[in-house]
2 protein chains.
Amino acid sequence: MADGAHAHDEDMEPAEILSTIQRAVRARGVRWTGQREAIIGTFIDQDRHLTAEELHQLVRAQDATISAATVYRTMNLLVEIGMAAKRHFNGDSASFDLTIGKGHHHHLIDVDSGRIIEFKNDEMEAILATIAEQYGYRIACHKIELFGVPIDEPPAKSAPDE
Amino acid sequence: MADGAHAHDEDMEPAEILSTIQRAVRARGVRWTGQREAIIGTFIDQDRHLTAEELHQLVRAQDATISAATVYRTMNLLVEIGMAAKRHFNGDSASFDLTIGKGHHHHLIDVDSGRIIEFKNDEMEAILATIAEQYGYRIACHKIELFGVPIDEPPAKSAPDE
DNA sequence: CTTACTGCAAATCATTTGCATCCCT
DNA sequence: AGGGATGCAAATGATTTGCAGTAAG
């Protein structure tokens, strides 16, 4: 099958993702509140990596009473039920991104602009599975981050020291 | 054959790594102090991922006067000069690991025990380079973390809920 | 109705920083 | 000597948590 690198092929549509999460949340016996719907809905609509603070800013635009604490609690809930992943791209604050409704994808980070490109590649996945197997493991999940320098870029200053 | 996964093949010896770092530090016009030697030396000897706090504990054993602040400052210095990398395996504190004297390696993390296995694989590196190229990038560096479940493990309790 | 959820503010935790002192170079 | 480096403690910044009021089921 396709084993070249694809951007994200297809994803579930926002409404479907939201209702799936809602079901998952309720299935856990956890309540579905207006705040959670606003926060998670916004998160889904943005369709990108967000820090808790960024998400809080966005959510405040539609409901100024929502607190940062609730945003943190909601994101942690999503991570706990496996619908989102927490990552540290920088050293300071954590970024979250949806894991549901999107195929397995990884990140190619433009070291000049900081832009994050998502990709996936079956051949690579296969090799990783093989490697894990050699050590006696079955992969539960994985994170891949490539830091790249644009090829067509004019000659950069010098040696990228990080 | 030989392009499967290898553990770490060869590394520079501790003393050589230390003197290389010392040279790099001095070359930057930065002073080489007893604290830095103790901290960096310990870090090299441990030859594994350490959080600043863990390293501080270890260093204290040989010099109780060294402060946590100095450990942080020293690790940041190593990262700045490209001799170490800062990672976030968990959500809380950052871990550091040497990047000098060791071939490109990645991590296979045992989700049950938390044990970290380092590996490298040329075929995988080649594919990653190809993927980046397709997007118009040349890889500057990359991080790969596989989270695995032991295959020969006795039937675990069930869903490792948390 | 019950009890989980929320906002707020205080509490944590990891990491950084101001400052007086110290010691590499 | 001279200025960067260090220790200590206070300052930060991100994230968590206790509590009393509020709302989901």
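The chains referred to below are lettered A, B, ... by the order of the sequence lines, with proteins before strands, and numbering in each begins at 1. Remember, predicted model here, so these are calculated numbers, not experimental data.
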Just by modelled atom types, is the Arg31(B) backbone N or O under 3.5 Å from a matching donor or acceptor in the Arg36(B) side chain? yes
Donor-acceptor side-chain pairing of Gln62(A) and Thr42(A) below 3.5 angstrom: yes
Map Thr70(A) and Glu53(B) onto DNA chain C by nearest heavy atom, then report which one ends up closer to the 5' terminus. Thr70(A)
Nearest-nucleotide check on DNA chain C, Phe96(B) vs Thr74(A); residue mapping nearer the 5' end is Thr74(A)
More than 12 non-hydrogen atoms from neighbouring residues, nucleotides or ligands closer than 6.0 Å to CZ on Arg138(A), yes or no? no
May I have the step-by-step check of side chain to side chain contact (heavy atoms under 4.5 Å, CB included) for Phe96(A) and Leu50(A), ending in yes or no? CA-CA 5 Å; Phe96(A) 296 89; Leu50(A) 291 171; 5.8 Å; no
What I want to check is whether an N or O donor and acceptor connect the side chain of Arg73(B) with the base of dG7(D) at under 3.5 Å. yes
Distance in angstrom units between Asn76(B) CG and dA14(C) C1', rounded: 12 Å
Between the axis at one end of the helix from dC1(C)-dG25(D) to dT25(C)-dA1(D) and the axis at the other (five pairs apiece), what's the angle to 10 degrees? 40°
Under 4.0 Å from any atom of DNA chain D, heavy atoms only: list the residues of residues 55-69 of chain A that qualify, in numerical order. Ala69(A)
Residues in contact with DNA chain C, drawn from residues 29-40 of chain A - heavy-atom cutoff 4.0 Å: Val30(A), Arg31(A), Thr33(A), Gln35(A), Arg36(A)
Under a 4.5 Å side-chain heavy-atom rule over Ile, Leu, Val, Met, Phe, Trp and Tyr, are Leu58(A) and Tyr72(A) clustered together? no
What's the CG-C1' distance between Leu77(A) and dC5(C), to the nearest Å? 11 Å
Calculate the interatomic distance between Tyr72(B) atom OH and dA14(C) atom P; express it in whole Å. 7 Å
Donor-acceptor contact below 3.5 Å, side chain Thr99(B) vs main chain Met83(B): yes
Over how many whole Å does the gap from Arg26(B) atom CZ to dG4(D) atom P extend? 17 Å
In whole Å, what is the span from the CZ atom of Arg87(A) to the C1' atom of dT15(D)? 20 Å
Separation of dC5(C) P from Arg28(A) CZ (nearest whole Å): 11 Å
When you measure from the side chain of His142(B) to the backbone N and O of Ala129(B), does any donor-acceptor pair fall under 3.5 Å? no
